[in-house]
There are 2 protein chains.
Amino acid sequence: MKHFAIEEVNTWQRHYRTNFINCLSGFKSAMLIGTVSNNRQTNAAVFSNIVHIGANPAPVGFMNRPRQAAPHTIANIESTGVYTMNHIHTSFVQQAHQTSAKYAEDENEFEKVGLIAEWKANIAAPFVAESKIKYAVQLVEIIPVKHNETFLVIGRVTNIFIDETIIDKDGYLHIDTVGSVVALGIDGYYETHLSARYSYAKPGIPTEKIN
Amino acid sequence: MKHFAIEEVNTWQRHYRTNFINCLSGFKSAMLIGTVSNNRQTNAAVFSNIVHIGANPAPVGFMNRPRQAAPHTIANIESTGVYTMNHIHTSFVQQAHQTSAKYAEDENEFEKVGLIAEWKANIAAPFVAESKIKYAVQLVEIIPVKHNETFLVIGRVTNIFIDETIIDKDGYLHIDTVGSVVALGIDGYYETHLSARYSYAKPGIPTEKIN
């Protein structure tokens with residue numbers, strides 16, 4: 001095992017350090033967030049820092065980088081109050097990563113990267129047509145992290161569209177079977193293989209594999 | 001594609017709904033957080049809502065459930081200001097999941113689940129000896145989410161201990177090669193397989209696989 005003090009890490013070249021520190025926090029969810037601006041320009045952007053916040057109601061959060069680094073998604077969410085979260089599958093991971101390019105505000109990122117914007121009745125933000133697990137979200141709260149000008153954006157899930165073949169009998173979603181990918185660092189994407197689900201853990205009773 | 005409005009989801013049985021909503025937010029990092037109480041009781045607890053917040057300095061965040069549901073880790077962090085984050089590997093995922101049992105405050109969760117607490121010089125929190133990617137963290141800020149009494153806990157990485165064979169030439173960490181697992185929902189764990197890394201995306205230039 002190698003030991004690095006942060007003082008040493010801080011002296012490293014920027015790109016090397018960014019890869020290293022990003023990977024330390026481990027595997028991440030990989031989602032495309034769909035939004036639209038006040039003047040009807042659609043936007044799709046890849047995000048990987050997604051958190052589950054609760055199940056009833058169903059708030060979900062994501063970290064947004066400082067405003068100058070990632071301005072469009074958060075500005076659109078602030079102006080419309082609505083966005084969509086779309087799982088990224090292996091079949092379109094390249095297009096999803098391409099959304100991280102710095103397109104201008106008046107460019108349609110769906111068209112630019114080769115994805116299809118899909119509109120649903122009564123939902124004022126575009127979905128990614130290619131995604132088999134996606135949902136509309138209503139903005140609840142944007143919490144600034146004073147430490148470095150990032151934001152935790154929290155919304156309530158309102159409408160879910162899902163390939164129902166992935167729903168297990170207890171509500172668990174086998175998202176791997178439709179190719180939902182995992183992200184690592186700033187540019188890595190992984191496929192997954194179910195190792196095991198484990199029974200509800202109780203003191204004194206070893207948890208066991210349940211499938 | 002099946003459509004569910006949240007009003008319907010809210011009527012579902014609690015366990016079914018919890019699985020469903022937890023899985024919607026996708027794959028997650030899986031970490032054991034090591035802490036110690038003021039009276040020297042060590043604690044290890046599995047967490048899966050981890051976010052990368054920045055690379056310089058290196059703040060990392062995790063979501064803590066409401067205090068009554070998950071009291072020990074956050075209380076220890078508040079009293080000592082220090083904790084460790086340890087990747088969970090396939091070789092000890094069962095023990096890691098067992099830490100989610102509701103042990104009493106005076107029980108040593110490392111011993112109870114069969115993991116080894118490892119102390120390092122000048123770091124006042126225990127590591128998981130079995131983990132090959134782990135780091136000490138200094139508390140920076142605990143941000144309450146008013147919406148449902150959860151917390152975003154943010155700390156600064158101070159010391160990193162890592163199997164150096166996983167470090168690529170550009171700083172990227174091949175955490176899959178030492179068996180770091182991915183979590184899904186409240187009880188699922190997955191192994192991963194690198195699909196691809198993609199080049200830095202720029203407008204007008206399709207991103208390409210870089211390994």
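Keep in mind it's a predicted model, so treat the numbers as computed, not measured. Labels below follow one simple rule: chain letters A, B, ... track the order of the sequence lines, proteins then strands, and each chain is numbered from 1.
A donor-acceptor pair is defined here as one N or O able to donate and one able to accept, closer than 3.5 Å; such a pair exists between the side chain of Asn19(B) and the backbone of Asp170(A). His87(B) places a side-chain N or O within 3.5 Å of a backbone atom of Leu24(A) that can act as its donor or acceptor partner. Judged by distance alone, with hydrogens and angles left aside, the side-chain atoms of Lys146(A) form no donor-acceptor pair with the main-chain N or O of Pro144(A) at under 3.5 Å. Using modelled atom types, one side-chain atom of His97(B) and one backbone atom of Ser199(A) make a donor-acceptor pair closer than 3.5 Å. Here the side chain of Ser29(B) pairs a donor or acceptor atom with the backbone of Ser25(A) at under 3.5 angstrom.
Residues of residues 101-110 of chain B placed with any heavy atom under 4.5 Å of a heavy atom in chain A are listed by number as Ala101(B), Lys102(B), Tyr103(B).
Heavy-atom distances place no part of Arg14(A) under 4.5 Å from chain B, backbone and side chain included. Neither the backbone nor the side chain of Ile186(A) comes within less than 4.5 Å of any heavy atom of chain B. Looking at Leu152(A), only its side chain comes within 4.5 Å of chain B, counting heavy atoms on both sides. Both the backbone and the side chain of Tyr172(A) come within contact range of chain B, with heavy atoms under 4.5 Å apart. Both the backbone and the side chain of Val51(A) come within contact range of chain B, each with at least one heavy atom under 4.5 Å from a heavy atom of that chain. Heavy atoms closer than 4.5 Å to chain B are found in the backbone of Asp168(A), but not in its side chain. Contacts between Ala196(A) and chain B at a heavy-atom distance below 4.5 Å involve the backbone alone (N, CA, C, O). No part of Val113(A) comes within reach of chain B, as not one of its non-hydrogen atoms sits under 4.5 angstrom from that chain. The parts of His147(A) that come within reach of chain B are both its backbone and its side chain, each placing non-hydrogen atoms under 4.5 angstrom from that chain. Of the atoms belonging to Asn148(A), it is side-chain heavy atoms, and not backbone ones, that fall under 4.5 Å from chain B. Using a 4.5 Å cut-off between heavy atoms, Ser180(A) contacts chain B through both its backbone and its side chain. Contacts of Met63(A) with chain B are made by side-chain atoms alone, with heavy-atom separations under 4.5 Å and no backbone atom involved.
When each of Phe20(A), Phe27(A), Phe4(A), Tyr200(A) is scored by its heavy-atom pairs under 4.5 Å with chain B, the top score falls to Phe27(A).
Of the N and O atoms on the side chains of Asn159(A) and His3(B), at least one donor lies less than 3.5 Å from an acceptor on the other residue.
Judged by the 6.0 Å distance and 45° axis criteria, Arg197(B) is not positioned over the aromatic ring of Tyr189(A).
In this structure, the separation between OG1 on Thr207(A) and CD on Gln94(B) is 6.0 Å, given to the nearest 0.5 Å. Atom-to-atom distance recorded for Asp187(A):CG and Ile210(B):CD1 is 4.5 Å, nearest 0.5 angstrom.
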For residues 115-128 of chain B, dump all side-chain donor-acceptor pairs below 3.5 Å to protein atoms at least two apart in sequence or in another chain.
{"unit_1": "Glu118(B)", "atom_1": "OE1", "unit_2": "Lys134(B)", "atom_2": "NZ", "d": "2.7"}
{"unit_1": "Glu118(B)", "atom_1": "OE2", "unit_2": "Lys120(B)", "atom_2": "NZ", "d": "3.3"}

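Partners of Ser91(A) according to the side-chain contact (heavy atoms from CB on, under 4.5 Å) rule, which considers only residues two or more places apart in sequence or in another chain, are His89(A). Contacts of Ser195(A) classified as side-chain contact (heavy atoms from CB on, under 4.5 Å), with partners at least two apart in sequence or in another chain: Glu191(B).
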